[in-house]
Amino acid sequence: MNLLEQLNEEQQFAVKQTEGPSMIIAGAGSGKTRVLTYKIAYLIHRGVDPFSIMALTFTNKAAREMQNRIQQLVESTEARNVWMGTFHSIFARILRIESEKIGFPNNFTIYDTDDSKSIIKKIVKEQQLDDKVYKASNVLGRISSAKNNLISAAEYNNNPELTQADKDSGRGKMGMIYTLYQERLRKAASMDFDDLLFNTNVLLRDFPDVLIKYQRRFKYFLVDEYQDTNHSQYLIVKRLAAQNENLTVVGDDAQSIYAFRGANIQNILNLNKDYPQLNTYKLEQNYRSTKNIVGIANAIISQNKKQIHKTIWTENSTGEKITLHSTLSDNEEGSLVARTIFDIKNNEQAKDSEFAILYRTNAQSRSIEEGLRKMNIPYRIFGGLSFYSRKEIKDILAYFRLVINPHDEEALLRVINYPKRGIGQTSIEKLRIEANRLNISLWALLERLESNPIIARSAALTILEFVNMIRAFRLDLNIKNAYELAEHITKHSGIYSTMYHAKDEDEGVMRFENMEELLSAIKEFSELENDEVGAGNIRTLSEFMQDIALHTDADEKSKIDGEYVTLMTIHASKGLEFPYVFIVGLEENLFPSLLSLNSRAEIEEERRLFYVAITRGEKRVFLSYSESRFKWGNLQYSEPSRFIEELDPQYIDDQTSDRILTAKPTIKTSAEAKSKASFYEKPKSNEVKAPEAVPSNLRRMSQSHNGTSTDQSESIQVGMEVFHDRFGRGKVLTLEGIGADRKATVFFNNSGTKNLLLKFAKLKILKQ
DNA sequence: GTATTATCTAAGTCT
DNA sequence: TAGATAATAC
C-alpha cells in the first residue's frame, strides 16, 4: 500500500521529512493525528526500527489508538514496539528502570493531587502555620510551577526573587514547606506528577551515561499537542533529541488550553531558535467541519491578539448555522438539550454516540444529566469524580500501594485503622512524631516497634498484627498474579466482610458493587497476555498499579462500546470530534471563568477553549446559556458570556429572542431585557433600542454594577411579601448583612424557607 | 477510641 | 449543596 496516496500535498511533505527537526502547525480538524500516524508508519516502512521511535501523545488512549492504526498501516505487529504514551507514563517507565541512580527504589509510588495536598496540610499544621494563608491548593500550585521550571527546593530558597515575592504576599514559609514536602515524599519513596518530569531532567542532566544510553536507543522523536508542553517537558525532549535532532512536533497555538498548569506557548513559537534549520509545515485544510463551523471558529480566534497566522478553510458543505438558545434555568437548559437531541435522533436518524455535550466545569453535568434521564437518553460522563477517586476504591488501592511500597505513608495512614481495628488518632500521632524525630518512615518505625514500645501495649500488639499482615501480603507480590493477590488482600484485610455487611444501606450496595467492579477490572488485566515479559510470566499487582497511577479519564475504556451521548469538559474533549456538539453554560463568570478575568492572557486562553469546543463539531453546533443557575446551593443570576457578543452574526441562528417574548414577560427587568439586545439581533420596530453610541461591552459593564435591581432589594424589610422567579410568593423572615452581602431568610409558600443573597435573588416586593 | 452532630467553606480546567 | 473538619457525647 502506498501510504502517501491517502494524504494531501502538505501532509505528504510533512510525512516525508523524516530527518531533522520539523514543526507542523496543524489547524483544528486538519488531520494532525493522521500525519503523525502516517509519519511513524512511513518510518517503519522505510526500515526504521520501531524500538528507536518515541512518540509522546496527550493521552494514553490516543497512543493506543495510534498504535493500532499504525499496525494496520504497516501490516505488522512490530508497531507495538514504538514507545508511545504520555510524557508522564513514558518517563515514569524510564525512571523505574534508572531509579537507583537518583536514589529511589523502583517500586516508588506516584502520588496524586489528593496525596500531595494531604501532605501539605500536615506540614502546615505541624509547623503551626495558618492554613488559611497556606492553603494546600495554593502551596501545591506554587511548588508545582517551581518544579515545572526546574527549580528545586534548595534553589527556591536561594532565589531572592521568589522568596521575596512570598514574603511580600505574607507567605514567607513557602520555601520551607517546599523543602519539607520533598523530604516527606522521598521518605515515602514517592513522587508527585511534577517529580516524574523533574526527576527525568535530573537524570538526563546529571548522568551523562544514562543520557547517551537513551540518545542511542531513540533516534526519532514525535511530540503531539506540542503547544501544551511545559518547560520541563521541553527540556526533556531537547536533551534526548540533541544527538540527531530527528524531532517532529505537531501543535496548534490556537488550541493551547493548559497554560494554567505550566504549558508554555513559547515552546512552539521559539522552536526555530533552538533549531535554525527547522522545517515548518502548515496544515490549513479542515476535513472535519462544515463551512459555517469553520467560519465562526476563525472569527472567534481572530479576536485573540497572540497567534501564529493561518487560514483554516474547508471544502465541506456549508451546513447549518450555529444555533443559539437561552433558557431561564440550568435545569431548563438540560431539558432543552435533551429535547433537541431527541428531535435530531428522530428526524435525522442520528445515533446517541454522535452527540457530545461540552461544558466549562464538571459541576454543570448535573442539570444536563437530569434532562437526559427524563428523556431516556443514554449518556456517559467523562471526568468529574472518576472511578478511581471514589472513597471505597481509594481505600482498597491504598492497601495495594502499601503492599507494593510500605513506606508510602499516605497509604499507610489511610488503612492502618480501616477496617476499624482500634488504632486511634492518639497512637498514630505519637508514632508519626517519633518517626519524624528519628527521621525514618512511619513503616520503618512500626517494624521496630517491638524493641521500642512508645505506645500502649495493647495498641502496639494490634499494630504488630497489622504489620505482619502486610508483610505476609508482600511475600506474594511476585508469586500471585494481580487478581489472586488483590482478592487475597481484600478478603484477609477485612475489607470484603466490612463492605459485605454494609450492604444494607443504599450507599453500601454501590460501594460493594464498585469493589467488585475493581476486582473484575484487575481480573481482566491479569488475564491479558503479557507480551513484554513473554509467555509463562504473570501480570503482577505492581504492574496493575503502574497502569492506573497515570490513568486519566480520557483513557477510560468504554466498557461496552455502546450507544451513548458523551458529556465532558471542553478540556477533556481536546482531540475528539462529534457530528453534533452542544456547548452549554455560555455565561459570564462561568465561561469565561470568573477566575480568568484578571488578565488578557487568561481571557485569551478561555477564548481558545471556546475555539476548541466549537471545532469539535462536524455537522452542527448548538450554543446555550441560562439566565440563572444553582451554585453551592443558592440561585445565582447570570448574564450571557462576552463570547456570545463576539459571535459573527452571519453564522448564527439566534433562537433566544423567541424565548424572551414567550417565557417570562412579566418579571423581566429592563436591564435584563437590554442584555438580550446583542448586536446581531434585529431590532423590532416597536422596541426601544439601546443607543448605538454606547458599545455593547460598556453597556454590560454598567449593567452589572448597578443594573441588577438593587433598587428594590434595599427597601426590603422583614415581614414583606415578596416574589421570586423560581420559588414564587414568600414572606421575609429575617435580614442580615449590608450592601452586596445583604441576605434574607424567606419563607416561600411552595418551597419552604430559603436563604437568599439579595444581590442575586432580585426579589420583587408584592406587599409592604 | 468511636459514633454522632454541628459548623464551616468552597469558588476551574488535569497529569 | 456537599464534603471536610471540629466538637460533643457515649
Side-chain angles (χ1 to χ4, degrees), chain A residues 56-62 85-92 110-118 121 125 131-132 135-138 140-141 144 147-148 191-198 225 228-230 232-233 256-263 330 358-364 366-367 382-386 388-391 417-429 455-456 458-459 462 548-555 568-574 585 589-598 602 605-606 608-610 612-613 629-636 754-755:
Chain A
L56 297 158
T57 57
F58 196 69
T59 65
N60 289 310
K61 187 185 175 201
T86 61
F87 272 89
H88 288 88
S89 60
I90 293 275
F91 294 111
I110 297 169
Y111 273 4
D112 66 18
T113 310
D114 285 342
D115 296 320
S116 301
K117 278 188 189 159
S118 149
K121 276 184 196 158
K125 207 169 195 176
D131 60 0
K132 301 243 163 49
K135 284 190 187 170
S137 52
N138 283 346
L140 192 60
S144 172
K147 285 183 186 174
N148 286 334
M191 298 188 196
D192 67 15
F193 290 133
D194 303 312
D195 283 335
L196 295 174
L197 305 175
F198 185 96
E225 307 284 8
D228 284 326
T229 54
N230 62 34
S232 189
Q233 292 168 321
S256 155
I257 53 175
Y258 281 100
F260 72 89
R261 69 169 204 217
D330 44 0
L358 309 179
Y359 35 77
R360 180 64 180 78
T361 67
N362 282 304
Q364 289 167 256
R366 227 168 111 170
S367 52
F382 292 80
L385 190 64
S386 89
Y388 290 103
S389 48
R390 287 168 195 274
K391 235 193 225 112
N417 198 30
Y418 173 83
K420 297 241 149 40
R421 44 175 74 87
I423 305 171
Q425 267 182 2
T426 336
S427 315
I428 294 172
E429 268 313 294
I455 52 168
S458 65
T462 325
I548 61 163
L550 296 168
H551 178 283
T552 70
D553 291 312
D555 295 332
M568 55 170 60
T569 63
I570 302 169
H571 281 91
S573 76
K574 188 165 88 157
N589 297 345
L590 178 62
F591 191 16
S593 158
L594 175 66
L595 299 158
S596 73
L597 304 180
N598 305 318
E602 282 179 282
E605 177 146 319
E606 296 280 310
R608 290 194 296 270
L609 197 54
F610 188 35
V612 168
R629 186 173 290 281
F630 264 97
K631 273 184 194 165
W632 308 288
N634 43 17
L635 189 69
Q636 309 238 333
K754 304 277 174 197
N755 285 313

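In what follows, every chain begins at residue 1, and chains take the letters A, B, ... in the order their sequences are listed.
In this structure, A:Phe198 has no ring pair (Phe, Tyr, Trp, His ring centres under 6.0 Å) partners at least two apart in sequence or on a different chain. For A:His88, the ring pair (Phe, Tyr, Trp, His ring centres under 6.0 Å) criterion is met by no residue, not counting sequence neighbours. With sequence neighbours left out, A:Asp112 forms a side-chain contact (heavy atoms from CB on, under 4.5 Å) with A:Asp114, A:Asp115, A:Phe193, A:Lys394. The ring pair (Phe, Tyr, Trp, His ring centres under 6.0 Å) test applied to A:Phe610 returns A:Phe591, A:Phe643, not counting sequence neighbours. In this view, A:Asp195 and A:Lys147, A:Gln182, A:Leu185, A:Met191, A:Asp192, A:Asn199 satisfy the side-chain contact (heavy atoms from CB on, under 4.5 Å) rule, not counting sequence neighbours. For A:Lys574, the side-chain contact (heavy atoms from CB on, under 4.5 Å) partners at least two apart in sequence or on another chain are A:Phe58, A:Glu225, A:Gln227, A:Asp228, A:Ile257, A:Tyr258. Taking A:Thr462 as the reference, A:Arg421, A:Ile423 meet the side-chain contact (heavy atoms from CB on, under 4.5 Å) condition, with sequence neighbours excluded. Residues passing the side chain to side chain donor-acceptor pair (under 3.5 Å) test with A:Asp194 are A:Ser144, sequence neighbours excluded.
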For nucleotides 4-10 of chain C, list the nitrogen or oxygen atoms of the protein found under 3.5 Å from its nitrogen or oxygen atoms, one pair per line.
none

Provide a list of protein-nucleic acid N or O atom pairs under 3.5 angstrom, restricted to nucleotides 1-7 of chain B.
residue	atom	partner	partner atom	Å
B:dG1	OP1	A:Gly424	N	3.4
B:dG1	OP1	A:Ser427	OG	3.1
B:dG1	OP2	A:Thr426	OG1	2.5
B:dT2	OP1	A:Gly422	N	3.3
B:dT2	OP2	A:Asn417	ND2	3.3

Return the polar atom pairs (N/O with N/O) between nucleotides 10-12 of chain B and the protein under 3.5 Å, or none.
residue	atom	partner	partner atom	Å
B:dG12	N2	A:Arg360	NH2	2.5
B:dG12	N2	A:Glu606	OE2	2.9
B:dG12	N3	A:Arg360	NH2	3.2

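Per the geometry, NZ belonging to A:Lys117 stands 15 Å off P belonging to C:dG3, to the nearest Å. One interatomic measurement links the two molecules: CZ of A:Phe58 to P of B:dC14, which rounds to 9 Å at whole-angstrom precision. Taking atom CD of A:Gln233 as the reference point, atom P of B:dC14 lies 16 Å away to the nearest angstrom. For A:Asp330 and C:dT1, the CG to C1' distance is 12 Å, given to the nearest whole Å. Atom CG in A:Leu550 sits roughly 16 Å away from atom P in B:dC14 (whole-Å rounding). A straight line from CD1 of A:Ile110 to P of B:dC14 spans 19 Å, rounded to a whole angstrom. A:Asp115 has its CG atom 14 Å from the C1' atom of B:dT15, to the nearest Å. Whole-Å rounding puts the A:Asp114 CG to B:dT15 C1' distance at 13 Å.
Between the CG atom in A:Leu140 and the OG atom in A:Ser118 there is a gap of 11.0 Å [rounded to 0.5 Å]. The line from OG1 of A:Thr229 to CG of A:Leu56 is 10.0 Å long, rounded to the nearest 0.5 Å. Taken to the nearest 0.5 Å, the CZ atom of A:Phe91 stands 9.0 Å off from the CD atom of A:Gln233. Residue A:Ile90 holds its CD1 atom at 7.0 Å from OG1 of A:Thr86, rounded to the nearest 0.5 Å.
Between the side chains of A:Ser596 and A:Ser593, no donor-acceptor pair is found at a separation under 3.5 Å.
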* Treat a base pair as Watson-Crick or G-U wobble with both distances under 3.5 Å, then lay out DNA chain B in dot-bracket form, 5' to 3', with | for cross-strand pairs. => ||||||||||.....
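Among the atoms of the strands shown, only primed sugar atoms or phosphate atoms (P, OP1, OP2) are found under 4.0 Å from some heavy atom of A:Tyr258. Nucleic acid contact class of A:Arg608 (heavy atoms, under 4.0 Å, all strands): none.
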